[in-house]
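In what follows, a structure is listed as structure tokens, so that the remarks can point back to it.
No hydrogens, no waters, no symmetry mates; every other heavy atom, side chains included, goes into these values. Atoms within each ligand, like the ligands themselves, are counted from 1 in listed order.
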Amino acid sequence: MGQRPITFLRQTMLKLLVSGEGRSRTGVMIPIPQYPLYSAGIAELNAVQVNYYLDEEQCWALDVGELRRALSQAREHCQPRVLCIINPGNPTGQVQSRKCIEDVIKFAWEEQLFLMADEVYQDNVYAEGSEFHSFKKVLFELGPMYSSVVELVSFHSISKGFMGECGFRGGYMEVVNLDPAVQQQLSKLVSEKQAVLSDLAHKAQLTQEIFSPVPGIRCNPVQGAMYSFPRIQIPARAAQEAQARGFAPDMFFCLQLLEETGICVVPGSGFGQREGTYHFR
Ligand SMILES: Cc1ncc(COP(=O)(O)O)c(C=O)c1O
């Protein structure tokens with residue numbers, strides 16, 4: 001689901017998951033060291049960042065004991081609901097073992113945490129004996145007791161993994177066990193095309209509503225495309241003044257409009273129009 005940069009998709013998921021005030025504000029567990037867009041995203045939503053520390057002595061492994069510590073401390077001041085995992089890790093470069101992933105899933109099940117698995121580096125596994133295991137695969141292999149309950153979103157990106165592809169942002173996510181009502185909201189939030197088109201339709205409507213009552217402007221309904229081409233009446237004296245300055249009358253109008261209001265429109269004379277009529281786009 002979704003074809004936007006992971007950063008956008010992840011933030012959209014978090015938006016759906018964060019709620020509450022004070023001690024009931026949502027806590028989001030993230031690894032430390034972390035990829036800084038996690039803490040930035042959490043801060044933007046005013047959620048509570050809950051740090052769990054990766055174990056440098058164990059090649060930056062994720063230890064469930066540390067998750068328990070972080071969770072129980074966080075429960076004193078917030079409502080931890082989300083557990084983020086970055087595997088393989090940024091900036092730490094570790095690859096989680098299958099056993100560790102199983103433990104994390106069981107922990108999320110016990111504690112009713114929503115799992116967010118950032119797996120954008122899944123093709124980048126170098127060490128002998130290390131292998132990438134997706135959270136989804138392990139979840140389903142653990143059997144229905146877990147796979148029918150644990151809520152999981154997995155992220156993968158096409159902007160990472162091979163070169164510094166940072167300019168080509170795009171990725172996708174897959175959600176498992178999301179409440180259908182929440183899934184519906186999510187679909188709305190990530191369906192960019194529909195949002196853009198309905199925004200444009202709203203602006204088209206606004207354009208004709210604003211122009212219609214203005215004396216001297218006649219605007220047809222904006223049925224499509226991205227433009228309107230209202231007709232303007234230009235008084236004879238203004239047309240003469242324009243001619244004296246060497247401008248087409250609607251060009252003169254557009255320049256005056258720009259200077260007096262900062263609004264930039266394009267004169268109809270640039271597109272062609274019936275003799276004696278004036279427009280702008
Ligand atoms: C762990 C991790 N997740 C996500 C991203 C960003 O992915 P995208 O470019 O699709 O937003 C990065 C980028 O560095 C990353 O390191």
From Y35, Y121, F155 - option closest to atom 16 (O) of ligand 1 by heavy atom: Y121
T7, portion touching ligand 1 at heavy-atom distance under 4.0 Å: both
Proximity of I6 to ligand 1 by residue part, where a heavy atom lies under 4.0 Å: both
Distance filter under 4.0 Å to I86 heavy atoms, resulting ligand 1 atoms: 1 (C)
Ligand 1 to Y38 polar contact by distance, N or O atoms, under 3.5 Å: no
Cation-aromatic face contact K137/F135, 6.0 Å, 45 degrees: no
Non-neighbouring partners of Q185 that pass side-chain hydrogen bond (donor to acceptor under 3.5 Å, both in side chains), sequence neighbours left out: none
Contact with ligand 1 for F8, non-hydrogen, under 4.0 angstrom: no
Gap separating the CD atom of E21 from the CZ atom of R23, nearest 0.5 angstrom: 14.5 Å
Polar proximity ligand 1 side, P5 side, N/O cut 3.5 Å exclusive: no
Per-atom contacts, ligand 1 versus N90 - under 4.0 Å to a heavy atom: 1 (C), 15 (C), 16 (O)
For S157, atoms of ligand 1 separated by under 4.0 Å from a heavy atom: 7 (O), 8 (P), 10 (O)
OG1-CG distance between T26 and L16, expressed to the nearest 0.5 angstrom: 11.5 Å
Separation between CG of L37 and CD of E44, rounded to the nearest 0.5 Å: 10.5 Å
Return all side-chain donor-acceptor pairs below 3.5 angstrom for residues 268-281, not counting sequence neighbours, or 'none' if the list is empty.
{"from": "S269", "atom 1": "OG", "to": "D250", "atom 2": "OD1", "distance (Å)": "2.8"}
{"from": "Q273", "atom 1": "OE1", "to": "H279", "atom 2": "N", "distance (Å)": "3.1"}
{"from": "Q273", "atom 1": "OE1", "to": "H279", "atom 2": "ND1", "distance (Å)": "2.7"}
{"from": "Q273", "atom 1": "NE2", "to": "D250", "atom 2": "OD2", "distance (Å)": "2.5"}
{"from": "T277", "atom 1": "OG1", "to": "R274", "atom 2": "O", "distance (Å)": "2.7"}

More than 12 heavy atoms of other groups within 6.0 Å of M226 CE: no
Sub-4.0 Å heavy-atom contact, G171 with ligand 1: no
